[in-house]
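Input: a single structure, listed below in structure tokens.
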Amino acid sequence: MNWKKFDTGKTPTWCPGCPNYLLWLALKQSLAELKLKREKIVIAYDIGCAGNMADFIKTYGVHTLHGRAIPVAMGVKYFRPELTVIVVGGDGGIYGEGLNHLVTAARANIDITVLVANNHLYSLTTGQASPTTPKGAASKSTPQGTDLNPLPAVAMVKKVNPQVLAETISPQQHLKEKIKKAIKFPGFALLDIDQTCVTFGKLLRK
Ligand SMILES: Cc1ncc(C[n+]2csc(CCOP(=O)(O)OP(=O)(O)O)c2C)c(N)n1
Ligand code: SF4
Ligand SMILES: [Mg+2]
């Protein structure tokens, strides 16, 4: 299967060893194995390290605003239901600034696939606490440790609508198969990809 047709020819700017490389490869391979045509795919990217994938995948796409990738994807899907619509974003954008959009998409059970590179930090802005930073963990914005409970995004989405597909997964295990299953799922799908930012993840000490 020729997944290289989804390459833009641009070299990613992620740090060496960043898990976003695994997501990038698995997503391109998934699109190829599902035999999707480039012109029938729209990917809405959030802002952040994960969202920078906008430059590295050759389909139709929109690099949106921080937290606003889901409403853009919902708009595309409502008006062009025949298209495959995917969101790529980080925990800060999807679970923080865009949380209401995540809830609304799950309530509507709209047929989009949301891929969250959940590194438990605002990484592009160098390591502030995000909604999934573990309680008590230090970060650049919480040097004494955050006293907030982390957001249980997958459980919350399932509670809002038990019909959706929502799962926390590892970037190292069956990522491609999970992405293919989520894209084929006839309704709202959230893959919460639990990953470590190799550059700022070490800040997350207790
Ligand atoms: C509306 C808005 N708020 C804040 C920012 C600054 N900003 C850019 S990227 C980012 C953090 C992104 O974190 P996350 O969504 O988790 O993605 P990651 O970089 O970790 O992949 C922030 C706060 C912005 N660009 N726009
Ligand atoms: S800062 Fe972290 S998330 Fe961003 S590219 Fe580097 S390793 Fe990846
Ligand atoms: Mg993040």
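As a basis for the values below, the full set of heavy atoms in this structure was taken, side chains included, without hydrogen atoms, waters or symmetry mates. As the structure lists them, so they are numbered: ligands from 1, and atoms in each ligand from 1.
- In terms of protein heavy-atom proximity, atom 6 (Fe) of ligand 2 is closest to Cys15 SG, 2.3 Å.
- For ligand 1, the atoms sitting less than 4.0 Å from at least one non-hydrogen atom of Asp91 are 16 (O), numbered in the order shown with element in parentheses.
- Looking only at heavy atoms of the protein, atom 2 (Fe) of ligand 2 is closest to Cys197 SG, 2.3 Å.
- Taking the six-membered ring for Trp, Phe56 and Trp14 have ring centres closer than 6.0 Å.
- Remark: minimum distance from atom 16 (O) of ligand 1 to any protein heavy atom is reached at Gly92 N, 2.8 Å.
- Neither the backbone nor the side chain of Thr13 has a heavy atom within less than 4.0 Å of ligand 2.
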For this session: Could you please spell out the steps behind the side chain to side chain donor-acceptor pair (under 3.5 Å) verdict for Tyr122 and Asp91?
Result: CA-CA 8 Å; Tyr122 283 8; Asp91 44 314; over 6 Å; no
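- Each of the following atoms of ligand 2 lies closer than 4.0 Å to a heavy atom of Asn119: 3 (S).
- In terms of protein heavy atoms, atom 5 (C) of ligand 1 is closest to His66 ND1, 4.1 Å.
- Here the heavy atom of the protein found nearest to atom 21 (O) of ligand 1 is Ala50 N, 3.1 Å.
- At the shortest separation from atom 4 (Fe) of ligand 2 among protein heavy atoms lies Cys49 SG, 2.4 Å.
- If you check the side chains of Glu33 and Ser30, you find no donor sitting under 3.5 Å from an acceptor.
- For residue Cys18, an N/O/S atom approaches atom 8 (Fe) of ligand 2 to within less than 2.8 Å.
- Within the 4.0 Å heavy-atom criterion, neither part of Asn20 lies near ligand 1.
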For this session: Start with the C-alpha distance between Asp194 and His120, add both sets of side-chain angles, then the distance that settles side chain to side chain donor-acceptor pair (under 3.5 Å), and finish with yes or no.
Result: CA-CA 8 Å; Asp194 188 3; His120 310 272; 2.7 Å; yes
